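The next block holds one structure in the form of C-alpha cells; read it before the comments.
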Amino acid sequence: MTDPELSNRRLTEAGVQEDLQRQPHLFVRLAENALTVAESLRGNYFKNTATFIAALRKAVANARQGRRNDPILEVHAVPETSWADVQDEVVTFIDGGVGQVQLASQVPILLRVGSYRVRTGERRLSEREQFGYYPVILGDLEGGSKERKDFIDIVRITAELLAGLAALERTPDLRVLMFHGPLTYLVGSYAGHMPFTEQDIDLFLRQYAQDAHIALALKEEFLQQAHLDIYPKMTKRPDEWARQKLFEPLAFIAFLLRQLRDRARQRRVPTLIVGVVERGGLRELSETVLLERVFRGLRQKGNGDYFNRMYGRTDLSTPKALLDRLGYTDSLLIAMLLEPGQYSESWSISKFDGLRRGEVALPGLAGEETVNFEALKPGPFGFPRIRGCYLHVSEITEPVRIEVFDELADADYLEAIVRRVYLYSRLLPGYGFPVGLDIADKYAHIPAWLTNAYSKLIRYHLGISLQQGEISDAEMRRVLVQAIYMTHRDWLFRPEP
Amino acid sequence: MATSRSNRMLPNPQSPVAPAAPPGYVGTIVGESTSREFRLAVAQEAIREQDLIAVDAELRPTDGQGPPEMIRVWAKVQRIERLNPLFPSEAGHELAATRTNPFETVLSLSREMVTAVCQVLGAEPRGSNPRGKLDQLRYPPQPASSVYRPGSEDMARVVLGELAQRTNRALDIATLSNRPEVSVSVDGHAIVTRHLAILAMTGAGKSWTSRRIIEQLAQKNYPIVIFDPHGDYTGLADVPTLKQRVRRYCAQFPLFDEDADAVAKIVSALGYELSPTMQGRFGDVFGAASRFINVDGAELASRVDWLAERLGKEHLRKNGIEPNMWLIANLAEAGELVLRAEDDDSRNLLVEWGWEDFGKYSKRDIGTLEAIKKRAYKAARVLQTMEQTNRKIARSAEPLPTDRKELVRYGGISVIALAGYTGDFQATIYSLIANDLFQARVQEELKLPVLLVLEEAHNFVPGRANTPAEERSITTTKQIAQEGRKFGIGLVMISQRPSRLDETTLSQCNSYIIMRLVNPADQNFVRKVIESLGEDEARLLPDLDVGEALLSGQLINFPVLVRIKPPESKGEREEEDAFKTLEDTYRSLQ
C-alpha cells in the first residue's frame, strides 16, 4: 500500500482493529475493560471502540487537513530533532526510590532520591556526569502522619523537589530539569498530614544544599511567607503555627514548586522543567477537552444520542458518563488516536479540586484542628498551575504525559520540552520513557541487600525486646510476634477458638 | 544534594581508622571469597588478566592460643568482567541503528563496575620465605581486604620458588607476560627426566621455544638428539656458543633392518601394487639381496662384477652397491635375465649367494621377476629422491652412524634431518634410532642420559596408527614416555596438532608449554589431557600472542602466562618476505 492508502486505511474501523492487533498492550487494556463494563456494553466492546476511534481519527485528520474548522483535538508532530541539536546542554534527571522491609507487611523505611546530571557532548567523563543521592531514614522524621500509607509519598515529593531546587541552584546553565512522575500530584488526597517540624526540614535541607546559608535562606523565606500570607488563610492559629515553626507539608510543597518556577523563569533562557508520567490514570483530557468537543459537535448536528444508539443505552449522554461506563482513560484513547512521534494539544490540568477543609493533628498536641486547604489553590501563595500534554513515543508503548508550569508554557517552551522528551525516550523504544529518568531510577534504587539488612536488624531488636520481656502489653506482644515470625503458614493466624 | 564526589559516610568516631591502601593497590575483595577463588572490585584499569596479585591476611590458630599468623595470599587474575549497569542494551542497539555517538546523548557512561575473578595460588608467611614456596590456603581471605600488585622481586621469588636456590637446574626461557621485568626460569630437571610437551598452532612460536630450551640445556652440557622433519634446527650450528657442539646427520632409510613384508609394502606404496604372486616371490628377492651384500672384500667385488656384467651396468662396478632398493631391483632383474637365458651356471651362483629357492624357479617366474623389477626400480627412484632431498636440506650433514650411541655426547646436540622423507619413513627412522638408544641405556651400554626432541610429534606418536611404521613408532615412544625416567631418557614432544597425538603418551608428560591454539578440537583435547589446565586458562588459548605461552606442570611452581625469550639460533625456515625473495631471485637471473 502507498502512504496515502495506508493513511486512509488508518481512518477505517478495519484499520483501527489492525492497529490494535499490532499493539498487544492496548489490546489487553481493552480486554480488561471489556470484562469490567456492564454486560450490555460487553458484547460489541471492541467493534464499537474501533468504530469510535475511527471516527475520532477521521475528525482529527480532517481538522489537520483543513477540512474541518472545529478540531476535536489538535495533534502535532514532534519536529525532527537529532542529538546534534541539543549538544552542550546540561540536563538533570530526578527520581526517588523507596526501600521497604517485610515485617507483617511491606513497611517503607528508607527513601533515596537520586539525581543524574549530564552534559551532552562532553567527552571528559568527570566533567560530563555527576550523580547525587542521599538516603532518608523515615524513622528520623518527627512530622508527617506515619500511620498513613501516603506518608512516604509526602516525604518523597518534598525530597525530590528539594533535589530539583538544589540542581537549579548548583547549575547556572541547567537547561532541562526532568522529574519522574507528575510535576504536581493530585494534592487533595495528601491533605491532613501532621506538619513537619523544623528539625525535619533541617534534616532535608542539610542534605540538599551545599551552602548552609542557602538552606537557611530557603527555610526562612518559607516561614515568613507562611507566617504572613499562607497560614492566616489556612488556620485560626497562624501565629501558633509560626511560633512552633511548623511546616505544613502541602504548603511547603507548594512553596517549593513556586520556587522552582520562579527561579527557572529568572534565567536568561528559562530552564525547561518537566514531569514525565508513565502509565497515568487520568481521564481529564478526554473528559474535559476531547469528548466535550465531540459531544458538542454531535449536539450541533442533532446527534446527541449517538453513543446511546451505538451501545443501546440511554445514559451515555455526557463525557463523564461515557468514560465511566466504558472505562476509557486518556492514555488509552490517546494511544489509539496519536501515531508515534505525535503529541496532543496541551490543557490546564485540574490538580487541586480535592483541596478542601480537613482535620490536622499538630506535633506534641492532643486533638486536631480544622485547616482550610483551599488556600493552597493556584494563587500567589498556592500551587502553581500545571499544563499537560500527551506524547506518543513508540507503537509498542503507552503515551507519556508531560507536565510543565502553566506560566512558563508558551508554545515554544512546550515544543522544546516535547522534542527533548521524545529524543531521550527514543533511546528506549521498548519502554518509551526518557532514558535519563531510567538511569536516575536505577541509581536511586535501594538494593535488596540494604533493606534485607535493615529487616534483619529490626527483627533482631524486636525479638530481643520480646525475649527480655520489655513489652508487657499482651496485645502488643501478639502483634510483635506476628510481625517478627509471620510466615504464610503461620499458626498464629488460625482462628481463635 | 550530597554528590557522589562529596558523599562520604562520616567515620564513626568509635571505630578504628582504616589503614591506607597499600602501595600497588589494585582493588578490594567483594562478595563471597573461598580458599580457591575470590572476586575483586578493581580500581580503574589497575590490572590485566593473568596478573599475579596478593592480599595480606591474618590467621588465628584454631585453638585460640598464640599470636595470629601473618600471611600473604597469592592469586592470579583469571578473568575481568566489566559492566555498566546504567547503560541499557536497548539504548545501545538504538545508538548502533542511528550511528550515534553515546557521548552526544544523555546516556551514562561513567558508572562502570569492573570485577576480577581471581584464582588463589597459595599462601606464604609474610616477611620471610626465601624459597618462595606457597602453601595451600585453607581459609578464605577476608572480604573488603585490599589487594595489591607485589614488587618484581617478590614476584620473581614466588614464580621461581625453589629454583632460585637450585640455579643449576634453572633454564632461563621467558618473562612474565604482563611484567616483562620479571624473568621466569623453569626446572630443567623436570623437563629432561619427566618429559615436556610443547603444543601450539603453526606460527605461534613453538620451534622458537624449543630452540630456546635446547640452547639453555646445551649450556648445561645435556646431550640432546633432535629429530628434525623440516629443518627447523639447522641454524643451531650457527650459534657461536654451540658451534662445536652441533652435528647434523642426514638419514638413510635402513631398508634391510626391515622385514620382507614391510619392504614389499613400501614397494607397493612407492611403485605399483605387488600382486599376491609377486609378493610371494618378493620375499625371496629381498632375502637374496640382503645375503648378496652381506660379504666383504674380494667376494663382494666379485659378486658386483658379476652383477654389472649380467645387467650391463658398468656404473655398478665403478660405484659399488649399497644395501638399498636399487640392489633389490638389480637382483630381480638379474634373476629375470638368468631365467630368460636359461643360464644354469648363473642360477647356481645365485643360489650359492643366498637366493635359496631360485633353483626351483621356472620360466613362469620370468614375468613375476620382471614385474618386481619394474616396481622395485620405481620405488628405488622415489627413495633416492627422498634421500637426495634429505641430504640437500641437511646441507653439510654426515651420514647417521651405525653405532647410534655416537649420537649421544656430553654437551653435544645431534640433529637428525628427516626432511625429504614421507611420514612413514620418518617414523621408521625415528623409532629404530630411539629404540636403539633406549635399549643401549637399558643394557647400560650407553652411559650418558639423553633428551630426545620430536618435532611434529603427532607424526611419530599419532593417536591412532594407520600403518605398521606408525604402530612401531607409537610403541617405542610410549615405552620411553613410561619408562624413560628410570633409564635417563627424556622426551620433548612438539606438535601443532595435539588432538592427533596419542593421549596416553601426552599424559605421561609432566610439563607443558602451551601456546596459541585456535582449533577447537586441539583446545578440547588439551583441556582433557592436561589436568593442571583450568577453564579460564583454556579460554586464553586462541588469543595468545605469538611467543606467549602458558607454562604448566612440574617445570614451574604454578601455571603462569609468559613471553618466551628469543633463541640465539635461527631455523632454516625463518620466513623471508616472499616477494622480496622473488625480486632478488629474478635479479640474479638477469
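In what follows, chains carry the letters A, B, and so on, assigned in the order in which the sequence lines appear, proteins first and then strands, with residues in each chain numbered from 1. Note that this is a predicted model, so its numbers are computed, not measured.
Under a cut-off of 6.0 angstrom, the local environment of CZ in B:R60 is sparse, with at most 12 non-hydrogen atoms contributed by other residues, nucleotides or ligands. With a 6.0 Å radius and a threshold of 12 heavy atoms from other residues, nucleotides or ligands, B:E32 has its CD atom at or below the threshold. The 12-atom threshold is exceeded at CZ of B:F558, counting heavy atoms of other residues, nucleotides or ligands nearer than 6.0 Å. Heavy-atom contacts from other residues, nucleotides or ligands closer than 6.0 Å to CD of B:E81 number more than 12. Counting heavy-atom neighbours within 6.0 Å of A:R267 CZ, excluding the residue itself, gives a total above 12.
In this structure, B:E94 and A:P429 have side chains that are in contact, with non-hydrogen atoms separated by less than 4.5 Å. Using a 4.5 Å heavy-atom threshold, the side chains of A:R123 and B:N101 count as touching. Between A:K442 and B:P85 there is no side-chain heavy-atom pair separated by less than 4.5 Å. Annotation: side chain of B:V106 is in contact with side chain of A:F93 (closest heavy-atom distance under 4.5 Å). Within the 4.5 Å cutoff, the side chain of A:L125 has heavy atoms near those of the B:F103 side chain.
The shortest heavy-atom contact between A:R128 and B:P102 is NH2-O, 3.6 Å.
Annotation: maximal heavy-atom pairing with chain B below 4.5 Å, among A:P434, A:G430, A:S82, A:G436, occurs at A:G430. Contact tally against chain B (heavy-atom pairs below 4.5 Å) for A:V435, A:D441, A:L428: the top residue is A:L428.
For chain B, no part of A:D88 is nearby; none of its heavy atoms comes within less than 4.5 Å. Interface residue A:E122: only backbone heavy atoms are found under 4.5 Å from chain B. Contact annotation for B:S108: both backbone and side-chain heavy atoms come within less than 4.5 Å of a heavy atom of chain A.
In summary, of the residues considered (B:T100, B:T98, B:L107), a side chain to side chain contact (heavy atoms under 4.5 Å, CB included) with A:L427 occurs for B:L107 alone.
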So B:F87 and A:I439, side chain to side chain contact (heavy atoms under 4.5 Å, CB included) or not? Walk me through it.
CA-CA 8 Å; B:F87 187 92; A:I439 292 168; over 6 Å; no

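When only modelled atom types and interatomic distance are considered, A:T120 and B:E104 share no side-chain donor-acceptor pair under 3.5 Å.
With a 6.0 Å cutoff to the six-membered ring centre and a 45° limit on the axis angle, B:R111 does not count as a cation-pi contact of A:Y443.
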